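Keep in mind that the numbers below use all heavy atoms, side chains included, and drop hydrogens, waters and symmetry copies. What you see is a predicted model; the values in this text were computed from it and never measured.
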Amino acid sequence: MVTDPFGMVGLLTFIRAAETDANLVQLALGSDLTTLGLNLNSPENLYGTFQSPWADGPCRPQDIDFHVPSEYLTNLHIKDKLAPIKLSRYGEDLLFYLYYTHGGEVLQLAAAAELYNRDWRYHKDERVWITRGPGMEPSVKTNSYEMGMYYYFDCHRWCKVPKEFHLDYDKLEERPHLPASFHHN
Amino acid sequence: PLSKDHAYQLAMMEAAAHHLPHPSDSERLRHYLPRNPCPTPTYHCPAM
Amino acid sequence: FDDPPGLQDKTEYLLREWVNMYHSPAGGRDSTKAFSAFVNQMHQQGILKTDDLITRFFRICTELCVKLCYHALSEQAHTATLTRSKCFHTLDAFVRLIALLVKHSGDAANSVTKINLLNKVLGIVAGVLLHDHEKRGSDFQQLPYHRIFIMLLLELNAPEHVLETINFQVMTAFCNAFHVLRPSKAPGFVYSWLELISHRIFIARMLATMPQQKQGWPMYAQLLIDIFKFVTPFLRNADLSKHVSLLYKGTLRLLLVLLHDFPEFLCDYHYGFCDVIPPNCIQMRNLILSAFPRNMRLPDPFTPNLKVDMLSDITQPPRILTNFAAMIQPVTFKKELDSYIKTRSPVTFLSELRGHLQVSHEPGQRYNVPLMNALVLYVGSQAIAYIHSKGSTPSMNTITHSSHMDIFQNLAVDLDTEGRYLFLNAVANQLRYPNSHTHYFSCTLLYLFAEANSEAIQEQITRVLLERLIVNRPHPWGLLITFIELIRNPSFKFWGHDFVHCAPEIEKLFDTVARSCM
């Protein structure tokens with residue numbers, strides 16, 4: 001057999017080395033390209049929301065610069081005249097919108113805190129917001145968990161949906177804390 | 001072994017990697033709702 | 001040579017004036033009011049008097065903006081967000097001034113003045129960047145330049161009639177500037193550079209919305225070749241550093257977007273890309289070779305008794321927009337090659353072939369890979385044309401006993417293992433979607449396997465195919481059908497070779513692929 005790197009032994013040596021050193025693998029065995037944050041099965045073109053070669057997710061709606069008449073843009077000089085953002089005045093729908101479109105930002109935490117104030121609770125495993133429906137008392141209630149019918153917010157259908165849950169209290173997020181330097185305006 | 005020229009290029013690239021462009025570098029300044037990244041718990045949803 | 005006395009201060013004063021006017025409420029919609037007032041000031045200060053003064057004005061403004069950014073970046077106290085808004089406060093104003101001057105220079109119908117001014121400004125910014133890059137070394141910061149280029153790109157791609165009419169020239173100007181700033185010239189700018197050419201507006205304009213859509217394709221292909229050429233030396237050693245890995249992954253993301261949205265673009269330019277991607281970047285090369293026209297339906301390669309030569313597309317020649325024939329140098333060699341193809345003379349041609357391809361004795365760099373790639377594709381294309389001229393189509397019977405196959409068999413026999421590996425890679429790089437090249441080169445590989453006079457040739461053919469198959473997806477359709485035929489067709493006696501059973505991992509790999517076939 002060919003004994004230098006250009007035959008089967010060369011390839012085999014590489015395969016064995018790759019088992020120990022993932023860094024070697026990246027080129028020759030490559031990586032799972034579906035894990036780079038691009039929806040390769042999307043029926044839409046990807047380039048319109050491609051955020052950056054370094055980002056592992058597409059642009060969010062508010063990141064994309066659309067050419068709107070400049071009157072639509074909040075001019076630097078009237079910004080201070082506009083009412084400051086006050087989440088306690090907003091409806092749930094807007095709070096959920098702000099939560100789901102500002103991932104990784106202070107506004108997401110602020111929306112989470114306001115939802116908490118309105119008796120919504122975030123389930124850290126199920127990764128959904130849950131609240132008790134009117135008149136829906138838990139069928140079982142202990143020190144560490146409760147069970148029953150609750151509403152959860154389905155962000156794909158964008159509505160509240162009733163569903164049975166077994167709620168371990170330690171799986172529910174405590175009141176979200178905002179960073180001290182939070183100036184959403 | 002890398003040539004001298006390629007070693008220089010590698011050094012410059014590695015220095016640049018310490019201040020990667022931020023997505024907001026490619027967006028107009030938004031005065032009213034600027035990006036305000038902050039470390040949020042991993043269980044919270046990333047941008048939908 | 002030095003600026004006229006006082007120009008530096010005058011420019012600094014004017015820039016400061018403009019930034020204030022840009023941000024003032026009286027600036028008006030899109031700063032048009034501020035602009036009219038400011039242009040008068042520029043006239044009064046004599047800045048617009050000569051081309052030389054305008055050039056110096058823009059250079060000094062760029063240097064002032066850059067200096068301000070370095071100062072803001074050096075103030076550690078600020079958060080990144082605050083630093084950026086300080087920098088962008090001036091940079092965005094400067095960009096708006098450039099955009100307005102470009103839009104309003106010369107009369108509306110005169111696009112030449114506008115484009116000349118844009119090329120001048122982009123050239124000045126590029127010049128300041130290269131000078132800064134060289135002066136500061138690893139302290140170089142891309143931020144100010146990134147911002148100037150991207151905001152100017154956004155400003156000049158606004159949906160305005162005056163801009164739409166000159167968009168092709170605008171985008172050509174940006175491509176020229178980005179080629180001047182290609183990573184091998186400004187490696188400290190590489191991450192911004194890749195971000196700029198990946199920007200959704202840039203891709204949209206270059207690949208999707210240009211009036212004659214494909215006008216932008218050659219320019220964009222050149223920019224991709226720039227990044228492939230840059231990363232090649234750092235990928236040759238398989239052990240990637242963190243930063244190279246970041247750039248490699250970023251390039252893969254861009255290629256995935258292109259594969260998904262513009263597969264025809266990757267199809268048309270695959271040859272030029274594979275010519276510069278190093279042989280060990282197997283997944284990246286597979287990604288490019290996997291592209292196929294969106295209107296084409298690929299039959300499942302694992303279909304039992306798939307009759308490849310019955311596929312309607314299999315006789316169609318693929319579009320290859322690289323002039324690979326011109327890459328066969330020197331001209332004397334090309335003449336001898338053409339003569340041998342036509343008349344099988346000079347008889348010394350085959351024995352001298354290796355000498356033309358070998359360039360050094362350095363292991364790993366012994367051969368002229370671009371010449372090898374061009375030779376293989378050129379001879380194969382000539383062979384297909386010859387077969388068609390006989391009223392036939394490529395098949396295991398029609399490709400044999402020809403001067404073309406003499407050349408391929410000579411390369412298979414006469415080259416050393418490194419040369420043969422590169423030769424077989426050049427052949428395997430043509431195994432793509434159903435077209436006449438895929439078919440011809442698939443038959444050629446199988447024929448070379450069947451007619452090999454040494455098991456080493458068969459082993460290396462297997463190696464070249466297997467290393468492309470064991471990598472993560474995507475896999476080119478032509479690669480799959482060739483390998484399936486090799487292991488399925490008993491006439492190749494594939495399973496009887498020692499190298500198939502040389503190690504448990506290898507045997508397991510073949511079994512896995514064989515099971516998927518069966």
| request: Using non-hydrogen atoms and a 4.5 Å limit, figure out which bit of C:L247 sits close to chain A: side chain, backbone, both or neither. | output: both

| query | Any idea how C:F234 and C:F230 line up, ring-wise: parallel (<30°), tilted (30 to 60°), or perpendicular (>60°)? | reply | perpendicular

| query | Between C:S24 and chain A, which part of the residue has a heavy atom less than 4.5 Å away: side chain, backbone, both or neither? | reply | backbone

| Of the backbone (N, CA, C, O) and the side chain (C-beta and beyond), which part of C:E459 lies under 4.5 Å from a heavy atom of chain A, both, or neither? | both

| said: Counting heavy-atom pairs closer than 4.5 Å to chain C, which one of A:T49, A:I78, A:L46 comes out on top? | reply: A:L46

| said: At a heavy-atom distance under 4.5 Å, which candidate from C:Q460, C:E418, C:R285 has the highest pair count against chain A? | reply: C:E418

| query | Measuring heavy-atom distances to chain C, does A:L11 have an atom under 4.5 Å in its side chain, in its backbone, in both, or in neither? | reply | both

| remark: Counting heavy-atom pairs under 4.5 Å with chain A, the top scorer among C:E467, C:E505, C:E455 is C:E505

| said: Regarding A:E146 and A:Y169, do their side chains bring together a donor and an acceptor under 3.5 Å, going by distance alone? | reply: yes

| Region of A:L36 in contact with chain C, defined by heavy-atom distances below 4.5 Å | both

| Interface moiety of C:H199 toward chain A, non-hydrogen atoms closer than 4.5 Å | neither

| request: Is it possible for you to check whether C:R420 lies under 6.0 Å from the centre of the six-membered ring of A:F6, through NZ or CZ, and within 45° of that ring's axis? | output: no

| task | Side chain from CB out, backbone as N, CA, C, O: work out which of these in C:L154 comes under 4.5 Å of a heavy atom of chain A, or both, or neither. | result | both

| note | Applying a strict 4.5 Å limit to non-hydrogen atoms, the region of A:I64 in contact with chain C is both

| Under 4.5 Å from any heavy atom of chain C - which part of A:D4 | side chain

| task | Say whether C:N167 and C:E164, considering side chains only, have a donor N or O and an acceptor N or O under 3.5 Å apart. | result | no

| note | chain A shares the most heavy-atom pairs under 4.5 Å, among C:L422, C:L246, C:L259, C:D498, with C:L246

| said: Quick check on the interface: out of C:L287, C:V257, C:D416, who has the most heavy-atom pairs with chain A under 4.5 Å? | reply: C:V257

| task | Would you mind telling me which of C:H243, C:H146, C:Q142 makes a side-chain contact (heavy atoms from CB on, under 4.5 Å) with C:Y191? | result | C:H243

| query | Out of C:N472, C:L252, C:V471, which one racks up the most heavy-atom pairs below 4.5 Å with chain A? | reply | C:N472

| request: Name the region of C:N157, side chain, backbone, both or neither, that has any atom closer than 4.5 Å to a heavy atom of chain A. | output: backbone

| Does the gap between the ring centers of A:W129 and A:Y99 come in under 6.0 Å? | yes

| said: Heavy-atom pairs under 4.5 Å with chain C - which of A:A17, A:P69, A:A55 has more of them than the others? | reply: A:A55

| request: Fit a plane to each ring of A:H166 and A:Y145, take the angle between them on a 0 to 90° scale, and name the class: parallel (under 30°), tilted (30 to 60°) or perpendicular (over 60°). | output: parallel

| message | Which residues pass the side chain to side chain donor-acceptor pair (under 3.5 Å) test with C:T90, not counting sequence neighbours? | response | none

| Within-4.5 Å side-chain heavy-atom neighbours: C:L235 and C:L240 | yes

| Option in C:P474, C:A456, C:P159 with maximal non-hydrogen atom pairs under 4.5 Å from chain A | C:P159

| request: Check whether NZ of the Lys or CZ of the Arg A:R127 lies under 6.0 Å from the centre of the six-membered ring of A:Y122 and within 45 degrees of that ring's axis. | output: no

| message | Can you confirm whether the side chains of C:R473 and C:N286 place a donor and an acceptor under 3.5 Å from each other? | response | no

